[in-house]
Amino acid sequence: METSLSPALKTRVLSFCWQHILLLFSLNLMTLGVALCVKSALGSSVISSVPFVLSLAGGEGARVPAWTIGSYTIAMNFVLVFFQILILRRRFEGVQLFQLLIGFVFGALIDFNMSLLDTLAPEDLTAQALTQLAGCTVMGIGIALEVKCGSVTMPGEGITIAIARVTGRPFPKVKIAVDTCLVAAAIALSYLYFGAWLRDVIGFGTLFAMFYVGLVVKYTSPRLGWFDRLLGYVPGFRRYIFGLARYIRNRQ
């Protein structure tokens, strides 16, 4: 017996799908920004600093696997979600496990954008600085769009929210502390595996990203009314999707 979804349920399902299509677009912008920062050789973004060091340390005879930056980012995101569960215990909401999927997609998109920018190699300081600036700007815009999508948070923000919730400390202060710990861990790993501070991995560009990306998000967020309307999804788009679905069903 054939059953059909109610119009209201159809709308909710399509809205959910459209929301996460836009989320995928936002994550791609964020990871494009990450890749540009890596390519600048002035310092990666905070979230990619630890994965970047580990990806360089991996290889034949190394004590860590020869994984890509994206693969190590996926692993780190899984660890961050695990720590959220330890910190929040029973207060951890099951829906937040969706962070694992978001974290996986984020890492995969980093590798995708790194491959797209494979030939990018700015040689002089001006080109490096412009690449870093472009990366941080694109990343900030992507973060602002990602927040607007209203899905679960990224694991990096999730761990910050968890710590702030348990300690009662303001989110911005906890965010600075978490970012500082990630950068310190990256520096420690660079000394452990290379015996030196890798300044092309954790350098001035990393410090610049810590402050400038937040400014881009703060400036961009109030100016995304067009994106809110896009998220609200125009009726014509619904009719197109419904019509396409009916056409495919009738052809079967």
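Quick caveat: nothing in here was measured; it's all calculated off a predicted structure.
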Running the 4.5 Å side-chain criterion over Ile, Leu, Val, Met, Phe, Trp and Tyr, what cluster does L125 land in, apart from itself? L42
With Q128, which residues qualify under side-chain hydrogen bond (donor to acceptor under 3.5 Å, both in side chains), at least two apart? none
Applying the 4.5 Å side-chain criterion to the ILVMFWY set and letting contacts propagate, would L192 and W67 be lumped into a single cluster? yes
I would like to know whether L88 and Q96 meet side-chain contact (heavy atoms from CB on, under 4.5 Å); could you show each step before the answer? CA-CA 11 Å; L88 294 174; Q96 293 302 324; over 6 Å; no
Looking at Y219, is R223 sitting on its ring face, NZ or CZ under 6.0 Å from the six-membered ring centre and within 45 degrees of the normal? yes
Closest heavy-atom pair and its distance - A185, V50: CB-CG2, 4.0 Å
Who passes ring pair (Phe, Tyr, Trp, His ring centres under 6.0 Å) against F52, sequence neighbours left out? none
When the side chains of residues 200-213 are checked against the rest of the protein, which donor-acceptor pairs come out under 3.5 Å, sequence neighbours left out?
from, atom 1, to, atom 2, distance (Å)
T206, OG1, S44, N, 3.4
T206, OG1, S44, O, 2.8
T206, OG1, V201, O, 3.4
T206, OG1, G203, N, 3.3
Y212, OH, T137, OG1, 2.9

Distance col, row L133:CG vs L36:CG, nearest 0.5 angstrom, shows 10.5 Å
Counting only pairs under 3.5 Å, give me each side-chain donor-acceptor contact of residues 100-110, with atom names and distances, residues two or more places apart or in other chains.
none

side-chain contact (heavy atoms from CB on, under 4.5 Å) against I87, all qualifying residues, sequence neighbours excluded: I159, A162, I163, V166
Sequence neighbours left out, what passes salt bridge (charged side-chain N to carboxylate O under 4.0 Å, His left out) with D111? Give chain and number order. none
Mind checking whether F78 and F92 sit in one hydrophobic cluster, side chains of I, L, V, M, F, W, Y counted as touching below 4.5 Å? yes
Under the rule for side-chain hydrogen bond (donor to acceptor under 3.5 Å, both in side chains), what residues qualify as partners of S40, not counting sequence neighbours? Q132
Scan residues 164-201 for pairs that pass ring-ring contact (aromatic ring centres under 6.0 Å, His included), counting only residues two or more places apart or in two chains. none
When hydrophobic residues are tied together by side-chain contacts of less than 4.5 Å, even through go-betweens, does I176 share a cluster with I161? no
Atom CD1 in I187, atom CG in L182: separation rounded to 0.5 Å? 11.5 Å
Return the set of residues passing side-chain hydrogen bond (donor to acceptor under 3.5 Å, both in side chains) with N113 (not counting sequence neighbours), or none when no residue passes. N28, T31
Do you reckon L215 sits in the same ILVMFWY cluster as V217, going by side-chain contacts under 4.5 Å, direct or chained? no
At what distance, to the nearest 0.5 angstrom, does CG of L145 lie from CE of M30? 10.0 Å
Exam field: side chain S115 to backbone F112, donor-acceptor pair closer than 3.5 Å: yes
Quick one: CG on L32 to CG on L29, what's the gap to the nearest 0.5 Å? 6.5 Å
Taking ring pair (Phe, Tyr, Trp, His ring centres under 6.0 Å) as the definition, give me every residue that meets it alongside F98, ordered by chain and number, with sequence neighbours left out. H20
Using the side-chain contact (heavy atoms from CB on, under 4.5 Å) criterion, which residues pair with A127? Sequence neighbours excluded. P122, D124
Side chain of Q19, backbone of C149: donor and acceptor closer than 3.5 Å? yes
Would you compute the distance between atom CD of E146 and atom CE of M154 and round it to the nearest 0.5 angstrom? 6.5 Å
